[in-house]
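Model, not experiment: these values are computed from the prediction. Order of the sequence lines fixes the chain letters, A, B, ..., with proteins taken first and strands second; residue numbering starts at 1 for each chain.
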Amino acid sequence: MRVRFAPSPTGYPHAGNLRTALYNWLFARHCGGRFILRIEDTDRERTLPDAEPYLKEALRWLGLDWDEGPEVGGPAGPYRQSERLDIYHRLADELIARGAAYRCYCPRERLEAVRAARRAANLHPYGYDRHCRAWSEAERQERAAAGAPFVVRFAIPLAGETGWEDAIRGYITYSNRELDDHVLLKSDGYPTYQFANVVDDHLMGITHVIRAEEWVPSTPRHLLEYQAFGWEPPVFAHLSLITEPGGKKLSKRLGARPILDYREEGYLPEALVNFLALLGWSPGGNREIMAPAELIELFSLEGIVPHPSTFDLEKLDWINGVYIRKLRPADLLERALPFLQRAGLVHTLPTESERELAARSLPLVQDRLRRLGEAPELAEFFFRDPPEYDPRAVQKWLDPIEARAILVRTRDAFRRLDQWNEATVEEAVRRVAAELEMRAADVIHPTRVAATGRTEGPGLFETLAVLGKERTLARIEDALRRFVPGG
RNA sequence: GGCCCUAUCGUCUAGUGGUCAGGACGCCGGGUUCUCAGCUCGGUAACCGGGGUUCGAAUCCCCGUAGGGCUACCA
């Protein structure tokens, strides 16, 4: 089994592109086949210089390693189409010699006029009228001698039909009469996708073409080319598109966002892979959370659904949260630290104490994270002195008249502690509550607001244990001075 | 306009002629608890419509309808 992912470097790959890559990769890994990366840079106008590096970075981030392709090489290279022009020319000439292709000298203006006229007259297909296909050998020679610019077009059989058994959607067939003679070689000497794709898939020994649904209508053209060459076509599997919630069309907001944006927001690659795998494929049972190794084991073409699927950010967030919660403390620290750095909570090169504070505080907010990017906000009060006080929290828990007594006694109890840890802090708080004949919660809430500025967050005792005695006392003093009436 | 694809809870999906149509996200409620989150228990919610075929259709066929794709010297 040999499959390929063949993006064109004309933009930054999004979820749809990467899902296609993922399915190819999963299929190859499942079968023990080869996953090939091929860069289809045949559009000289639209090719972006940084698109290929970005693409490779995205694949690497998601863990989709390629066995052959740019950087790693391979026996069927080069793997960049712009480096294979001689091959396309040679094979185009071969097709011309066989009478399966011909040179077309029609200027663009004529093409456009023809298209408009056919559309107006409702003549199908709307495309090229095969003007140059009808010439005699003498006329061809004449044109060639004149040295006019030309494209090479494929001579679609005038009758019959072309079909294939799609691995995802069953038998699909087209009447050849619906197909116009498409361009194989452009006038700039570059091949079109319709040609390079077929040539390379054959030369690279691709056995299964797993690609997006947008290619369905051009598949008969590809099949006809295989036929003209006398080549065995691969198995085709056409994936449905990913759509947006509500509206449908892909927008820049979700599915069409450059995939690395998700990294910036703190999505874990294995979570995104899990999510993408589920977006149009199912292992059959009720499995939801699957690590890459499990996906590889369970993946099959049969499990791919034929209908489009909507990109559901809520579900991605849930899956990401599941993966974040599974992170071991050391991994959590390494993965979340960059977000704390970017938010300015720790230095770009964190000090030893910053690292330690991060290592101790991050596990406390771990359960609450859906994206690592939320870590700075959730853990901020551990790093900033004084913390930011939420006015509503202050109003509710520090303003009432009994707040002073509670906080003063709690502070005094804390001061007396020799050992400062979760257990001693808890004991002290509960003792204060007992002395005041209050519920523990009545002491806990004001103390939390005084120490963190918020009503929400990790358990108070573990929070204070991490914050330390000194900073806890300083914050309570500070809160007493600033917010608590009756001083 | 033409050709092609698709159609199960709001969303992702299981289902392959006989099921109380299952699971997950979300949402709602209970429990745990110092809050939030998490965890946990429970609930809400679907076979696009109409014809067939069949003893019996979510499952097979046809026709609608709806959504999507393609219709470039872009991929």
Contact class for [X] (heavy atom, under 4.0 Å): base, sugar-phosphate, or nothing?
X         : answer
Ser240(A) : nothing
Pro125(A) : nothing
Gly321(A) : nothing
Phe275(A) : nothing
Leu241(A) : sugar-phosphate
Glu314(A) : sugar-phosphate

Rounding to an integer number of Å, can you tell me how far [X] [atom1] sits from [N] [atom2]?
X         : N       : atom1 : atom2 : value
Lys326(A) : rG38(B) : NZ    : C1'   : 15 Å
Tyr171(A) : rU6(B)  : OH    : C1'   : 20 Å
Asp367(A) : rU32(B) : CG    : P     : 19 Å
Leu111(A) : rA72(B) : CG    : C1'   : 9 Å
His182(A) : rA75(B) : NE2   : C1'   : 14 Å
Trp318(A) : rG23(B) : CH2   : P     : 14 Å
Asp200(A) : rA75(B) : CG    : C1'   : 14 Å
His307(A) : rC4(B)  : NE2   : P     : 22 Å

For the side chain of [X], starting at C-beta, report the closest nucleotide among [options].
X         : options                   : result
Arg108(A) : rG23(B), rG69(B), rC73(B) : rC73(B)
Val183(A) : rG23(B), rC73(B), rA75(B) : rC73(B)
Arg115(A) : rA72(B), rC12(B), rA75(B) : rA72(B)

With both distances under 3.5 angstrom, what nucleotide forms a Watson-Crick or G-U wobble pair with [N]?
N       : answer
rG67(B) : rC5(B)
rG42(B) : rC28(B)
rA72(B) : none
rC47(B) : none
rU35(B) : none

With the criterion set at under 5.5 Å between ring centres and under 30 degrees between planes, would rA72(B) be stacked on Tyr128(A)?
no
What I want to check is whether an N or O donor and acceptor connect the side chain of [X] with the base of [N] at under 3.5 Å.
X         : N       : value
Gln366(A) : rG38(B) : no
Arg169(A) : rC5(B)  : no
Tyr126(A) : rG1(B)  : yes

Are the ring centres of Phe154(A) and His182(A) closer than 6.0 Å?
yes
Measure centre to centre between the rings of Trp135(A) and Tyr102(A), then say whether the value is under 6.0 Å.
no
Nearest 0.5 Å, please: how far is CZ in Phe461(A) from CZ in Arg448(A)?
8.5 Å
To the nearest 0.5 angstrom, please state how far the CG atom of Asp41(A) sits from the OG atom of Ser8(A).
9.0 Å
Specify the residue among Pro458(A) and Asp180(A) whose closest nucleotide of RNA chain B lies further upstream toward the 5′ end.
Pro458(A)
Take Arg325(A) and Ile172(A), find for each the nucleotide of RNA chain B with the closest heavy atom, and name the residue whose nucleotide sits nearer the 5' end.
Ile172(A)
Does this structure show an ion pair linking Glu456(A) with Arg368(A), if we count only N-O contacts that are shorter than 4.0 Å?
no
I'd like to know if Arg370(A) pairs up with Glu265(A) as an ion pair, taking the criterion as any Lys NZ or Arg NE/NH1/NH2 lying under 4.0 Å from an Asp or Glu carboxylate oxygen.
no
For nucleotides rC28(B) and rU44(B), find the distance between their C1' atoms and express it as a whole number of Å.
7 Å
Ignoring backbone atoms, establish whether Arg118(A) has a side-chain N or O less than 4.0 Å from OP1 or OP2 of rG2(B).
no
